[in-house]
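Keep in mind the model is a prediction, meaning the values are calculated, not measured. Just so it is clear, the values below take in all heavy atoms, side chains as well, and ignore hydrogens, waters and symmetry mates.
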Amino acid sequence: MSSVPGLDRLNHASDDEAIRVLRGVCTSGAWIGAVLAARPYGDPDELYASSDEAVAALTTEDLREAIDGHAVIGRPRPDDPRSAREQSGVPRAGDAVLADLRAGNIAYENRFGRVFLICASGRSAAEMLAELRHRLDNDPASEWEVTREELRKINRLRLEGLISA
């Protein structure tokens, strides 16, 4: 048993319950399966390392599945308080930044065929907009790898929240 009650809950949850909880972190079935299969975890670092390895192993389709579980930057889902928390820097932005973010999201989706994924925690809307504009210059293969790294960071933050709850 670890000294982290949230980690213990994940370790001892039924498979069905663990799947439900992990789906709240990442919607990729491959990621969920890999993290689930590596239980039990002796400490949080083992869990984070397992998550990182699972993200690194995701195929393009697995990444798409994970991305589909995320709100568009600048438009947190009304039924998902976590997306509002993660994008807390957005509501304070001015109208011009929000309009540019909407336009940037459309340009990104037109260029790459998916929503723009960024670890939004602690970032202002202007910072996310600048990163979006920068990433529009990436080639598709490079952008998949940037997206994978952003997903890794998001999953890490969400797992930290999960086990600290």
Side-chain angles (χ1 to χ4, degrees), residues 1-92 101 105 108-109 112-125 127-128 131-132 135 141-165:
M1 237 157 105
S2 81
S3 61
V4 182
L7 184 59
D8 288 339
R9 282 191 299 277
L10 177 62
N11 281 337
H12 300 304
S14 69
D15 284 355
D16 288 343
E17 177 63 13
I19 289 168
R20 185 191 66 73
V21 168
L22 291 171
R23 187 167 283 120
V25 172
C26 180
T27 55
S28 164
W31 179 88
I32 293 168
V35 173
L36 183 70
R39 290 188 307 165
Y41 297 101
D43 61 48
D45 288 335
E46 286 182 22
L47 172 62
Y48 305 146
S50 177
S51 174
D52 290 352
E53 289 171 17
V55 170
L58 294 178
T59 66
T60 301
E61 286 310 307
D62 297 331
L63 282 168
R64 282 190 190 280
E65 184 180 28
I67 293 166
D68 288 346
H70 287 269
V72 174
I73 293 297
R75 288 195 330 237
R77 293 180 177 143
D79 61 340
D80 182 5
R82 181 186 54 217
S83 71
R85 271 192 318 276
E86 290 175 345
Q87 295 190 39
S88 63
V90 172
R92 295 185 294 275
L101 198 52
N105 278 320
Y108 184 94
E109 194 158 351
F112 295 110
R114 61 184 184 274
V115 300
F116 172 67
L117 186 71
I118 188 169
C119 185
S121 292
R123 291 186 174 181
S124 70
E127 289 171 319
M128 290 185 277
E131 183 64 15
L132 189 157
R135 287 172 51 189
S142 297
E143 183 55 22
W144 272 120
E145 291 314 305
V146 173
T147 300
R148 181 185 308 277
E149 175 59 15
E150 293 300 310
L151 179 65
R152 185 198 66 75
K153 292 188 287 189
I154 292 165
N155 288 1
R156 169 74 178 253
L157 288 172
R158 288 180 174 183
L159 285 170
E160 287 172 354
L162 174 72
I163 66 171
S164 69

Looking only at heavy atoms, the pair that brings Ser50 and Val35 closest together is OG-CA, 3.9 Å
Can you name the nearest heavy-atom pair linking Gly42 to Leu7, along with the distance? C-CD2, 4.3 Å
Distance col, row Ile154:CD1 vs Thr147:OG1, nearest 0.5 angstrom, shows 9.5 Å
Min side-chain heavy-atom separation Asn105-Leu132 under 4.5 Å: yes
Tell me, with the steps shown, if Arg135 and Ile118 meet side chain to side chain contact (heavy atoms under 4.5 Å, CB included). CA-CA 10 Å; Arg135 287 172 51 189; Ile118 188 169; 4.0 Å; yes
How would you list, by chain and number, every residue that makes a side-chain contact (heavy atoms from CB on, under 4.5 Å) with Arg23, sequence neighbours excluded? Ile19, Thr27, Ile32
Taking all non-hydrogen atoms of both residues into account, name the closest pair between Phe112 and Glu143 and its distance. CE2-CB, 3.7 Å
What I'd like to find out is whether the side chain of Lys153 reaches to under 4.5 Å of the side chain of Glu150, using heavy atoms alone. yes
Checking Tyr48 against Ile163 for the side chain to side chain contact (heavy atoms under 4.5 Å, CB included) test, could you report, in this order, the C-alpha distance in whole Å, the side-chain angles of both residues, the deciding distance, and whether it holds? CA-CA 11 Å; Tyr48 305 146; Ile163 66 171; 3.4 Å; yes
Which atom of Arg39 lies closest to which atom of Leu10, heavy atoms considered: NH1-O, 2.7 Å
Glu127 and Arg123: which non-hydrogen atoms are nearest, and at how many Å? OE1-CA, 3.1 Å
Could you walk me through whether Leu117 and Tyr108 pass the side chain to side chain contact (heavy atoms under 4.5 Å, CB included) test, one step at a time? CA-CA 10 Å; Leu117 186 71; Tyr108 184 94; over 6 Å; no
For Leu157 and Glu160: C-alpha separation, side-chain torsions, deciding distance, then whether side chain to side chain contact (heavy atoms under 4.5 Å, CB included) applies. CA-CA 5 Å; Leu157 288 172; Glu160 287 172 354; 3.6 Å; yes
Quick check: does any side chain N or O of Ser51 sit under 3.5 Å from a backbone N or O of Leu47, one acting as donor and the other as acceptor? no
Determine yes or no for a side-chain-to-main-chain donor-acceptor pair under 3.5 angstrom, with Glu109 supplying the side chain and Val115 the backbone. no
Taking side-chain contact (heavy atoms from CB on, under 4.5 Å) as the definition, give me every residue that meets it alongside Glu17, ordered by chain and number, with sequence neighbours left out. Ala13, Ser14, Arg20, Val21
Rounded distance [0.5 Å steps], SG in Cys26 versus CZ in Arg156: 15.5 Å
Considering all heavy atoms of both residues, which atom of Gly113 and which atom of Arg64 are nearest to each other, and what is their separation? O-NH1, 3.4 Å
Is a side-chain donor or acceptor of Arg148 paired with a backbone partner of Val55 at a separation under 3.5 angstrom? yes
By the definition side chain to side chain contact (heavy atoms under 4.5 Å, CB included), identify the one residue from Leu22, Leu36, Leu151, Asp62 that meets it with Trp31. Leu22
